[in-house]
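Chain naming here is simple, since letters A, B, ... match the order of the sequence lines and numbering starts at 1 in each.
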Amino acid sequence: MNVVLPDNSKLELPEGSTGLDAARAIGPKLAEQAVLVRANGSVQDLRLPLRDGQQIRFLTTRDSADPDALYVLRHSSAHLLAEAVRRLYPGVKIAIGPPVENGFYYDFEFPEPVHEGDLAKIEEEVKREIAEGREWSREEISRDEARKRFEAEGEPYKVELVDTAEGDISLYTQGDFTDLCRGPHLQNAQPIKALKLTGLAGAYWRGDEKNTQLTRIYGTAFYSQADLDAYLERLEQARARDHRKLGVQLDLFHFDEHSPGSPFWHPKGMVIFNELEDLRRRENARRGYVEVKTPLIYDKTLWQTSGHWEKFRENMFLIPLGDEHIFAIKPMNCPGHMLLFGSDLRSYRDLPLRYAEAAPLHRNELAGALHGLTRVRHVTQDDAHIFCTREQITEELDGCIAYLRDLYALFGLEPRAEFSTRPDNKLGTDDEWDFSEGELQKALERHEIAYVVGAGEGSFYGPKIDLHVTDALGRSWQLGTIQLDRQMPQRFGLTYMGADNAEHPVFVIHRALLGSLERFIGILTEHYGGAFPYWLAPVQVRILPVGESHREAAQALAEQLAGVRVEVDESDETVGKRIRNAEVEKIPFAVVYGDKESDESLAIREHGGGQTTLSLADFRAKLATLSPWQAGAEPSLTS
RNA sequence: GCCGGAGUAGCUCAGCUGGCAGAGCACCUCUCUUGUAAAGAGGAUGCCGUGGGUUCGAGUCCCACCUCCGGCUCCA
């Protein structure tokens, strides 16, 4: 048979030759360094046979940054970890150990608790295995045989995996350790030049909290020590962008143990919060939304009607009033908006009706789930509910998606879209879900938005289009969401009078585009590394009078900059120190004002170090262009 | 909520085997009057997360709780 090499030459091989055979045919060095073969674009274990006509390319230890090459390295590292743990902890049961984004993990059930301090000794054992040399071999066996084998070894998790595995069962063995595994794996442990165990965590078997909690050991591995060092260095730098750290440094907000998960917004943080609120109000008004305000607390009966009492009660803060009544603080605005819509007879002429409200919501999140601004109990969404007819759904979804695109473009954020379908605890019939999911999916496709499907990730009342972004440390967070709902209006008996003088069911689109303002500001802080763009910056301009004699002129200059968030730094520090302070506080512009300056000539320093000289008039003109909202400019959001 | 780790000055952190609570930055005072990323001198700063226990004596050892951090689960 023939395979095609990257230079388009053909390599003649005996029938049934494996990737490794092909590498040997090319050269001994390649055979030694190869870690994977890419056959017609998909990666394959070197031990598996090639097929006639395949286009092949080898990945070697030199492809040290290739995701597939790292994946196989880390997958094999996970197996070494399991081998080491089994040797060090007799009686341990092994579960699963895949490679992940930045490393790998393996889940174990330990006979006794394991602590972080134990990692050093385990890591040492893994490194010993690498030094000793390990080679992987692959075999395929029948399901029954595999089952017997793992039963005999006392590995119940592996037995369960055999029972639920699809396709053929393959095993990989290194040293005296054999694992159920689809592969692929390295030939041997030599390419693993740097390995580090990074953490310990509890993790539920198969991700279900009803199952046993296993102990997960995380690690990472690279083809060189330099790559590992660079990775650790990147982590260190990412930590400096962490919004929780920057939030304190920049005096934006803080948390207090008397109200876990609820930020205290400081004056500077509130400037950013209010700018986003202004943006929300201005754009909503332009796009035909009306703003409303509905109560924060409601009697339990409302939540029973909406379905929250059944589906969301654990996440609500309850207020018992006497023996009879229980109130709950709202975790969402929708039920209130349903009551508002239902407070009057509605005609088809009233629709679509777009209610916007950014009320404080409270969700009693699990203590362990709280996370800075990105996971809070006090949530403020840029929320709205669009009440419309069935015929209006398409146009309204289009409007939401266009709005969403404009907003994210303004911040230079590039979120990933997820289409979340019916969950296990859904309300309503499959027919209704078919319709709603179809509408959302068609909207995504109309706008040619790439998305992944989050099967079962939808809300209990409807499917969602969600937008996800990644934080400084690589964690994914959901921001905006667009949800199509026919459950809730049905439950509240909401209808409108049509042109045919008959009542028709109302549809509701729930949408929050920035998501929660708290989370959005957290993500923005990391996105900008704390150096907010001019229009969001808490302090936009700081004037530094060189000496005492310049203070008066500096104050006069500040007054000339009416409408700009400007400060005069009259502290008794050297100019150098005050420049440094302005830089550390990431203020967009620092203006040094001394004997050489006048309204005709200002020394402007931009954050980061660039310096220019501008007249006051030119400076003001420049600032006006930096703000989409100030100086009476038309908003830059166009659609 | 679950597994693991941590809580010492406003911030970052040191404090050994139980024996008088520390440093740098920030803050305050004074001197200097400053020219684009840290002037100098002096000073104040603590419920050592909270509550209990062991001990002659606890920041240090033990128990419980709270909060935070890394994960899991859940979620905007």
Exercise. Please determine if a side-chain N or O atom of His115(A) lies less than 4.0 Å away from the OP1 or OP2 oxygen of G5(B).
Key: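 True: His115(A) side-chain N/O within range (under 4.0 Å) of G5(B) OP1/OP2.
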Quiz item: Under 4.0 Å: is that the gap between some side-chain N or O of His254(A) and OP1 or OP2 of G10(B)?
Solution: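 No, no such contact exists.
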Is a donor-acceptor contact shorter than 3.5 angstrom present between the side chain of [X] and the base of [N]?
X	N	answer
Glu365(A)	A76(B)	yes
Arg363(A)	C74(B)	no
Glu597(A)	G35(B)	yes
Arg244(A)	C69(B)	no
Arg605(A)	A37(B)	yes
Gln478(A)	A76(B)	no
Tyr204(A)	G1(B)	yes
Thr574(A)	A39(B)	no

Ignoring the backbone of [X], work out which of [options] is nearest its side chain.
X	options	result
Glu257(A)	G70(B), C66(B), C75(B)	C66(B)
Glu116(A)	C68(B), G5(B), C11(B)	G5(B)
Ala369(A)	A76(B), C74(B), G35(B)	C74(B)
Glu583(A)	G35(B), A76(B), A37(B)	A37(B)
Arg580(A)	A37(B), G4(B), U36(B)	A37(B)
Asp572(A)	U31(B), C68(B), A76(B)	U31(B)
Leu366(A)	G5(B), U33(B), G1(B)	G1(B)
Ala201(A)	G70(B), A39(B), C32(B)	G70(B)

Quiz item: If each of Gly608(A) and Leu473(A) is mapped to the nucleotide of RNA chain B with the nearest heavy atom, which maps nearer the 5' terminus, i.e. the 5' end?
Solution: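 That would be Gly608(A).
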Quiz item: Which residue lies toward the 5' end of RNA chain B, Ala203(A) or Leu467(A), if each is placed at its nearest nucleotide?
Solution: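 So the residue in question is Ala203(A).
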What is the ring orientation for [X] with [Y], classed by angle as parallel under 30°, tilted 30 to 60°, or perpendicular over 60°?
X	Y	answer
His510(A)	His385(A)	perpendicular
Trp477(A)	His371(A)	tilted
Phe253(A)	Phe255(A)	perpendicular
Phe460(A)	His308(A)	perpendicular

Base, sugar-phosphate, or nothing: which does [X] touch, judged by heavy atoms less than 4.0 Å apart?
X	answer
Gln611(A)	base
Gly207(A)	sugar-phosphate
Gly368(A)	base
Ala590(A)	nothing
Val114(A)	sugar-phosphate
Gly202(A)	base
Glu573(A)	base
Asp208(A)	nothing
Val546(A)	base
Lys464(A)	sugar-phosphate
Arg475(A)	sugar-phosphate

Rounded to the nearest Å, what distance is computed from the [atom1] atom of residue [X] to the [atom2] atom of nucleotide [N]?
X	N	atom1	atom2	answer
Asn315(A)	A76(B)	CG	C1'	12 Å
Met332(A)	C75(B)	CE	C1'	9 Å
Lys596(A)	U34(B)	NZ	P	12 Å
Asn425(A)	U73(B)	CG	P	17 Å
Arg377(A)	U67(B)	CZ	P	7 Å
Lys577(A)	G35(B)	NZ	C1'	17 Å
Tyr218(A)	G4(B)	OH	P	15 Å
Glu209(A)	C3(B)	CD	P	13 Å

[atom1]-based separation of [M] from [N] [nearest Å]:
N	M	atom1	value
A26(B)	A41(B)	P	13 Å
U54(B)	C16(B)	P	24 Å
U29(B)	G49(B)	C1'	33 Å
C62(B)	A23(B)	C1'	31 Å
C30(B)	C20(B)	C1'	31 Å
G7(B)	C63(B)	P	16 Å
A76(B)	G15(B)	P	43 Å
G18(B)	C3(B)	P	29 Å

Exercise. Flag the pair His337(A) / Phe387(A) as yes when their ring centroid distance falls below 6.0 Å, and as no otherwise.
Key: no
Quiz item: Quick check, are the ring centers of Tyr289(A) and Tyr355(A) under 6.0 angstrom apart?
Solution: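 Tyr289(A) vs Tyr355(A): aromatic centres not under 6.0 Å.
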So does [X] pair up with [Y], basic N to acidic O under 4.0 Å?
X	Y	value
Asp208(A)	Arg206(A)	no
Arg280(A)	Glu357(A)	no
Lys196(A)	Glu123(A)	no

Donor-acceptor pairs under 3.5 angstrom involving side-chain atoms of residues 601-614 of chain A: please list them, not counting sequence neighbours.
unit_1, atom_1, unit_2, atom_2, d
Arg605(A), NE, Glu583(A), OE2, 2.8
Arg605(A), NH2, Glu583(A), OE2, 3.0
His607(A), ND1, Glu583(A), OE1, 3.0

Quiz item: Now, which nucleotide makes the Watson-Crick or G-U wobble pair with G7(B), with each of the two distances under 3.5 Å?
Solution: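 C66(B) is the nucleotide pairing with G7(B).
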